[in-house]
Undergrad: 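Input: one structure, supplied below.
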There are 2 protein chains.
Amino acid sequence: MKKAGLINKRSLEEQAADLLRQDIVNGVLTPGTRLVETTLAKEYGLSRGTIRIALHQLGTEGLVTQVPYAGWSVATLDDQDIWELYTLRATLEGLAARLAAERICQQGVERLQAAYNQLLKLCEGEDLQAITRGDLDLHKTIIELSGHRRLAHQYQLIENQFLSYITAANRTFDPHEVGHSHQALVEAICAGEGERAEAEAVNNITGFEQLQQERAG
Amino acid sequence: MKKAGLINKRSLEEQAADLLRQDIVNGVLTPGTRLVETTLAKEYGLSRGTIRIALHQLGTEGLVTQVPYAGWSVATLDDQDIWELYTLRATLEGLAARLAAERICQQGVERLQAAYNQLLKLCEGEDLQAITRGDLDLHKTIIELSGHRRLAHQYQLIENQFLSYITAANRTFDPHEVGHSHQALVEAICAGEGERAEAEAVNNITGFEQLQQERAG
DNA sequence: CTGGTATGATTGTCGATCAATCAGACGATC
DNA sequence: GATCGTCTGATTGATCGACAATCATACCAG
């Protein structure tokens, strides 16, 4: 009586990486926290070798850093890192928006509208965390609609680091702005206007960055 | 006089990954070739665990694929993969060109000109492999001038897969075109014109793709 | 030909072990 | 007292051997 799809085929190495990743992006493990292989192994009930591969994995994802013979720690981000994340994310999302617009179909429009409406609905409330999730869902939908596996993968890497930063810095935003700032983007994609969609996507992110800069400075 | 990074402290895991990576991008290991952990371990005189981490590393780089409990093999690329590589590379390189132009300095101009002149010189000869290296050097210089570590990293990943494909498909090109097709790009960067540099970089790659498509079809 | 089974190959995971290296404490020398 | 080694503990770097889980194939029965 096995249910297809529910079968646990993920290796323990992957699962360990997943757990650690979740703890990092959700802020359970704050930047700078030291991670000891043997300790983690005991904690998760796994062998050191398995944890080791998971840590290496997270290392390539930029979530943890490694000092030879000294240890692992949750990555800390400086100003340069933040700038890199914003510029790279804007570019990747611009590409995704353009591709999504170029190959938009009826089903795609429906999925996009659904995600957008959901976000608008959430923005009427005050649950900032839910809004963040809705925002991510919308962006992730656009990425999927681009039909670009590598783009999705690279975006995922950036997004995780981004989330880690957002959580650690405890950054917030105005619910009302978030929802409507995506309107032009969604429209452009649904209309199949690749160039405009790309511009709107880039503007969406860099605009947000500038807003944050002003508040911080 | 601190020459950090001079000391060779690379772990065996990294070195093993490097060797395998070289063999893959240089075509010694052709796509589809099976890679057995124990065999590689004996070949390189390393333990299985070390090889295992190296293979996982190459897996995240997209150079090898893994089938659970079955084995590893050198990644094979289909048409969709090639499209993904071209679009992603064009976008990343466009971003690099724009950033490089925006922060160009005297020293940067010199480095760029040096790489460009070197490429022009090589293009007068017939050594296609040398031309390829010169071409890559120029592009890599642009990436470095962008001052974007993550961009450099992600570009590296794409480039390795790209090289693997170029080698396997044994693709060639016209030496005369290669050299001069980069002229506008170099000029735009040196002039500090970000928008134009980005456009030229994108055009450079997508133009090359279309040329190849025509010859193949 | 079909379906099930036996078998070998390979990865998945574990545990123990030792070497290499780093960080900090301790102490000696000037 | 400041500086320089040295000692020591902690942690990773790397190896080996072992066994279970899984996949691919060949083989056999009907």
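Scope of the values below: all heavy atoms of this structure, side chains included, with no hydrogens, waters or symmetry mates. Reminder, nothing fancy here: chain letters follow the sequence lines and each chain counts from 1.
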Undergrad: On the side chain of B:Arg48, is there an atom forming a donor-acceptor pair with the base of C:dG12 - under 3.5 Å, no angle test?
TA: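 Counting by modelled atom types and ignoring angles, a donor-acceptor contact under 3.5 Å is found here.
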
Undergrad: How many Å lie between CH2 on A:Trp72 and C1' on D:dT11, as a whole number?
TA: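 For the pair A:Trp72 CH2 and D:dT11 C1', the rounded distance is 12 Å.
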
Undergrad: Look at A:Arg52 and D:dG13 and indicate whether a side-chain polar atom (N or O) is within less than 4.0 Å of OP1 or OP2.
TA: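 The answer is yes; a side-chain N or O of A:Arg52 sits under 4.0 Å from OP1 or OP2.
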
Undergrad: Between B:Arg150 and A:Gln161, is there a side-chain donor-acceptor contact under 3.5 Å, judged purely by atom types and distance?
TA: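 Yes.
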
Undergrad: Checking contacts here: which listed nucleotide (D:dA21, C:dC22, D:dA14) is nearest the side-chain heavy atoms of A:Ala70?
TA: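 Selected nucleotide: C:dC22.
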
Undergrad: What's the closest nucleotide to the A:Ser11 side chain, out of D:dG13, C:dG12, C:dG15?
TA: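 Looking only at heavy atoms from C-beta outward on A:Ser11, the closest nucleotide is C:dG12.
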
Undergrad: Can you tell me which nucleotide in D:dC23, C:dC14, D:dT11 comes closest to the side chain of A:Val36?
TA: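 The nucleotide sitting nearest to the side chain is D:dT11.
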
Undergrad: Between C:dT11, D:dT12, D:dA14, which nucleotide gets closest to the side-chain atoms of B:Glu13?
TA: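 That would be D:dA14.
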
Undergrad: Rounded to the Å, how far apart are A:Leu55 CG and D:dT11 P?
TA: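 A:Leu55 atom CG is separated from D:dT11 atom P by 14 Å.
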
Undergrad: Taking only side-chain N and O atoms of B:Gln66, does any of them lie within less than 4.0 angstrom of OP1 or OP2 on C:dT10?
TA: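 Answer no for this pair, as no side-chain N or O of B:Gln66 is under 4.0 Å from OP1 or OP2.
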
Undergrad: Take atom CD of B:Glu14 and atom P of D:dA14, then tell me their distance rounded to the nearest Å.
TA: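 For the pair B:Glu14 CD and D:dA14 P, the rounded distance is 9 Å.
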
Undergrad: Measure from CD1 on B:Ile53 to C1' on C:dG12 and round the result to the nearest Å.
TA: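 To the nearest whole Å, that distance equals 14 Å.
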
Undergrad: Please work out if A:Leu35 contacts a base, only the sugar-phosphate, or nothing of the nucleic acid, heavy-atom cut-off 4.0 Å.
TA: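 The residue A:Leu35 makes sugar-phosphate contact but no base contact.
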
Undergrad: Nearest-Å distance, CZ (A:Arg10) to C1' (D:dA21)?
TA: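 Rounded to whole Å, this separation is 18 Å.
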
Undergrad: Considering heavy-atom distances to DNA chain C, does A:Tyr69 or A:Leu46 have its closest nucleotide positioned more toward the 5' end?
TA: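 Its nucleotide being nearer the 5' end, the pick is A:Leu46.
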
Undergrad: So that I can tick it off, tell me whether A:Arg89 and A:Glu84 are bridged by a salt bridge, with the cut-off set at under 4.0 angstrom between side-chain N and carboxylate O.
TA: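 Not counted as a salt bridge, because no side-chain N and carboxylate O are separated by less than 4.0 Å.
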
Undergrad: Determine yes or no for a side-chain-to-main-chain donor-acceptor pair under 3.5 angstrom, with B:Asp127 supplying the side chain and B:Gln129 the backbone.
TA: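 Judged by distance alone, yes, a pair lies under 3.5 Å.
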
Undergrad: Over all strands shown, is B:Gly71 touching base, sugar-phosphate only, or nothing at heavy-atom distances under 4.0 angstrom?
TA: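 Sugar-phosphate, no base atom in range.
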
Undergrad: Quick check on C:dC14: is either OP1 or OP2 less than 4.0 Å from any side-chain nitrogen or oxygen of A:Thr50?
TA: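 Yes, such a contact exists.
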
Undergrad: If we ignore hydrogens and angles and just use 3.5 Å, is the side chain of A:Thr50 paired with the main-chain N or O of A:Leu46 as donor and acceptor?
TA: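 Absent.
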
Undergrad: Roughly how many Å is it from NE2 in A:His56 to C1' in D:dT12, rounded to a whole number?
TA: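 For the pair A:His56 NE2 and D:dT12 C1', the rounded distance is 9 Å.
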
Undergrad: Starting at atom CD1 of B:Ile51, determine the distance to atom P of D:dT15, rounded to an integer number of angstrom.
TA: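 Roughly 8 Å, once rounded to whole Å.
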
Undergrad: Rounded to the nearest Å, what distance is computed from the CD atom of residue A:Glu37 to the P atom of nucleotide C:dC14?
TA: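 Nearest whole value for this atom pair: 14 Å.
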
Undergrad: Counting distance only, does the side-chain N/O of B:Asp81 pair as donor-acceptor with the main-chain N or O of B:Asp78 below 3.5 Å?
TA: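 Side chain of B:Asp81 to backbone of B:Asp78: a pair is present.
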
